[in-house]
Amino acid sequence: MLTVSNYHYIRDDFTTPYPSIFGVTPTFFREQLLAIKEIGTYITPQELLTNYDAIIKSPENYVLITFDDGLKEQYLKAKPILDALDVKALFFINSINFIEKEVTLVHKIHLLRSQMSTPDFFDILKKFDTEGKTRLSDKEKKQAVIHYNYDDEETACLKFTLNFKLSLQEQHRLIQSIFDTHFDSNQVVNDLYMSEAQLKELAALGMLGNHTHSHVPLGYLDPEEITKELVTSKNYLEQLTHQEIPYVSYPYGSQEACASPVERIAKETGHQLGFTMERSINTGDEHPLLLKRFDCNDLPLGKNQKAFEHAHRLIH
Ligand SMILES: [Zn+2]
């Protein structure tokens with residue numbers, strides 16, 4: 001069987017004026033790698049690719065570590081720890097950060113929200129929105145609170161507006177305008193994402209994967225757009241590194257984001273292993289292009305480690 005653990009931000013200090021960037025510290029990462037070692041055996045991406053059937057059907061718990069979004073801090077903070085423990089991981093990259101030198105939408109939102117309160121962010125959003133799409137009716141406000149029941153009302157309404165009231169294009173346009181008034185995009189791209197030299201080094205180690213071109217949920221796109229998202233980044237990474245990239249991780253990774261025909265197109269475009277965010281252990285019943293994956297918080301020492309314990313109990 002195969003357990004996959006996924007990571008995003010990794011930094012020593014997550015302090016910002018308004019907490020909205022979450023992840024793990026290098027200390028936690030190292031301790032978690034050691035804790036996972038107690039319950040499994042690390043495999044390399046190449047080993048999984050070559051011995052796929054044997055690994056996934058084995059009673060032994062094999063473990064693969066992955067990172068989404070191509071953040072420079074992953075290379076600087078996590079890779080030295082991986083090297084010291086002799087663990088090879090997969091790092092999934094969006095090519096928009098390199099080809100267009102643009103910051104990914106979700107990172108723009110994280111950065112903006114780390115610097116301003118939710119009411120302030122909402123006010124600016126309304127100011128930039130000339131079509132009144134960010135004004136919610138009482139009924140929509142109620143829907144928002146029900147849908148985002150873990151958040152306070154203001155945050156629920158903001159998330160509802162971004163995710164349900166605005167089209168993807170409107171979200172991109174509005175957030176871009178706001179982002180440009182607060183941040184220098186070039187500077188953020190340089191600071192936040194890996195360099196091409198770092199991508200090449202990871203590829204030479206067999207540790208590089210595709211996270212699509214622009215980090216949109218593929219399942220909502222039409223087949224031509226899905227193909228373009230997968231191929232643009234795959235081609236970019238392969239031409240840059242002169243290595244084949246057979247691994248893909250789907251942005252957001254939810255059932256909707258990975259809905260059919262995403263796995264078929266991923267296969268047709270030359271991918272062999274695909275990773276979702278369906279939290280469970282892989283035991284051989286799943287499509288190789290729809291492998292399940294835990295968030296690191298679901299695994300030993302994580303805030304929600306019961307998720308893994310539960311999945312593990314179901315198997316044993
Ligand atoms: Zn991502």
Side-chain angles (χ1 to χ4, degrees), residues 7-23 67-78 91-118 120-131 133-134 158-159 161-163 166-200 202 208-218 221 225 228-230 232-237 239-241 249 251-252:
Y7 299 82
H8 288 99
Y9 294 105
I10 174 160
R11 47 183 74 174
D12 295 292
D13 187 358
F14 284 91
T15 315
T16 57
Y18 300 92
S20 58
I21 295 177
F22 303 102
F67 292 82
D68 279 357
D69 299 353
L71 304 174
K72 187 172 277 177
E73 61 207 68
Q74 297 167 349
Y75 183 93
L76 296 177
K77 301 287 181 183
F91 294 81
F92 292 102
I93 310 296
N94 297 110
S95 54
I96 193 173
N97 312 135
F98 298 88
I99 298 174
E100 290 165 45
K101 306 252 178 288
E102 201 186 298
V103 180
T104 307
L105 176 67
V106 24
H107 298 146
K108 283 179 194 153
I109 296 174
H110 289 168
L111 280 167
L112 283 167
R113 298 204 60 203
S114 72
Q115 299 302 320
M116 58 180 87
S117 69
T118 305
D120 285 350
F121 187 61
F122 225 147
D123 280 345
I124 294 177
L125 201 61
K126 282 174 189 151
K127 212 158 63 196
F128 277 88
D129 165 33
T130 47
E131 293 168 41
K133 290 213 167 176
T134 52
L158 177 63
K159 288 186 179 174
T161 306
L162 286 173
N163 295 327
L166 301 173
S167 70
L168 216 51
Q169 284 84 349
E170 287 165 337
Q171 257 192 72
H172 276 273
R173 191 176 44 77
L174 264 178
I175 298 294
Q176 181 65 50
S177 323
I178 303 170
F179 190 75
D180 286 343
T181 61
H182 289 80
F183 291 94
D184 172 352
S185 267
N186 281 326
Q187 187 68 45
V188 174
V189 166
N190 274 324
D191 293 346
L192 190 59
Y193 304 109
M194 291 180 200
S195 67
E196 290 192 329
Q198 290 165 343
L199 298 187
K200 285 184 198 172
L202 290 175
L208 203 65
N210 182 5
H211 199 32
T212 75
H213 178 60
S214 61
H215 204 277
V216 292
L218 297 182
L221 307 180
E225 290 174 309
K228 199 172 158 205
E229 276 294 321
L230 287 165
T232 304
S233 42
K234 190 173 196 287
N235 285 351
Y236 164 75
L237 293 171
Q239 279 161 20
L240 175 76
T241 65
S249 131
Y252 304 96

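Everything quoted here is computed from the prediction, not taken from an experiment.
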- Determine whether the aromatic ring centres of H215 and Y252 lie less than 6.0 Å apart.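 Ring-ring flag for H215/Y252: true, centres closer than 6.0 Å.
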- Parallel under 30°, tilted from 30 to 60°, perpendicular over 60°: which one fits the rings of F98 and Y236? parallel
Heavy atoms only: give me the nearest [X]-[Y] pair and the separation to one decimal.
| X | Y | result |
| --- | --- | --- |
| Y193 | K72 | O-CE, 3.0 Å |
| G209 | L237 | O-CD1, 3.7 Å |
| Y9 | F22 | CD1-O, 3.3 Å |
| P217 | L221 | O-CG, 4.0 Å |
| K108 | I175 | CB-CG2, 3.8 Å |
| T181 | I178 | OG1-O, 2.7 Å |

Between [X] (side chain only) and [Y] (backbone N and O only), is there a donor and an acceptor less than 3.5 Å apart?
| X | Y | value |
| --- | --- | --- |
| D129 | L174 | no |
| Q74 | H8 | yes |
| H211 | S249 | yes |
| K101 | N186 | no |
| T104 | H107 | no |
| N94 | I96 | no |
| N97 | V103 | no |

- Message: For a side-chain hydrogen bond (donor to acceptor under 3.5 Å, both in side chains) check, start with the C-alpha distance between S95 and H213, then their side-chain angles and the critical distance, and finish with the verdict.
- Response: CA-CA 5 Å; S95 54; H213 178 60; 2.6 Å; yes
- Verdict with reasoning, D123 to K127, per side-chain contact (heavy atoms from CB on, under 4.5 Å): CA-CA 6 Å; D123 280 345; K127 212 158 63 196; over 6 Å; no
Reported [atom1]-to-[atom2] distance for the pair [X] and [Y], which is rounded to 0.5 angstrom:
| X | Y | atom1 | atom2 | value |
| --- | --- | --- | --- | --- |
| E229 | L218 | CD | CG | 6.0 Å |
| D191 | E73 | CG | CD | 10.5 Å |
| I21 | F14 | CD1 | CZ | 8.5 Å |

- Message: Is it the case that atom NZ in K77 sees more than 12 heavy atoms from other parts of the structure closer than 6.0 Å?
- Response: no
- Message: I'd like to check the side chain to side chain donor-acceptor pair (under 3.5 Å) partners of S117; sequence neighbours left out, ordered by chain and number.
- Response: D120
- Message: Evaluate E102 against V189 for side-chain contact (heavy atoms from CB on, under 4.5 Å), listing each step before the verdict.
- Response: CA-CA 7 Å; E102 201 186 298; V189 166; 5.7 Å; no
- Item | From CA spacing to verdict: side-chain contact (heavy atoms from CB on, under 4.5 Å), M194, L208 | CA-CA 12 Å; M194 291 180 200; L208 203 65; 5.7 Å; no
- Message: If you apply the rule side-chain contact (heavy atoms from CB on, under 4.5 Å), what do you find for V216 with E225, and how did you get there?
- Response: CA-CA 10 Å; V216 292; E225 290 174 309; over 6 Å; no
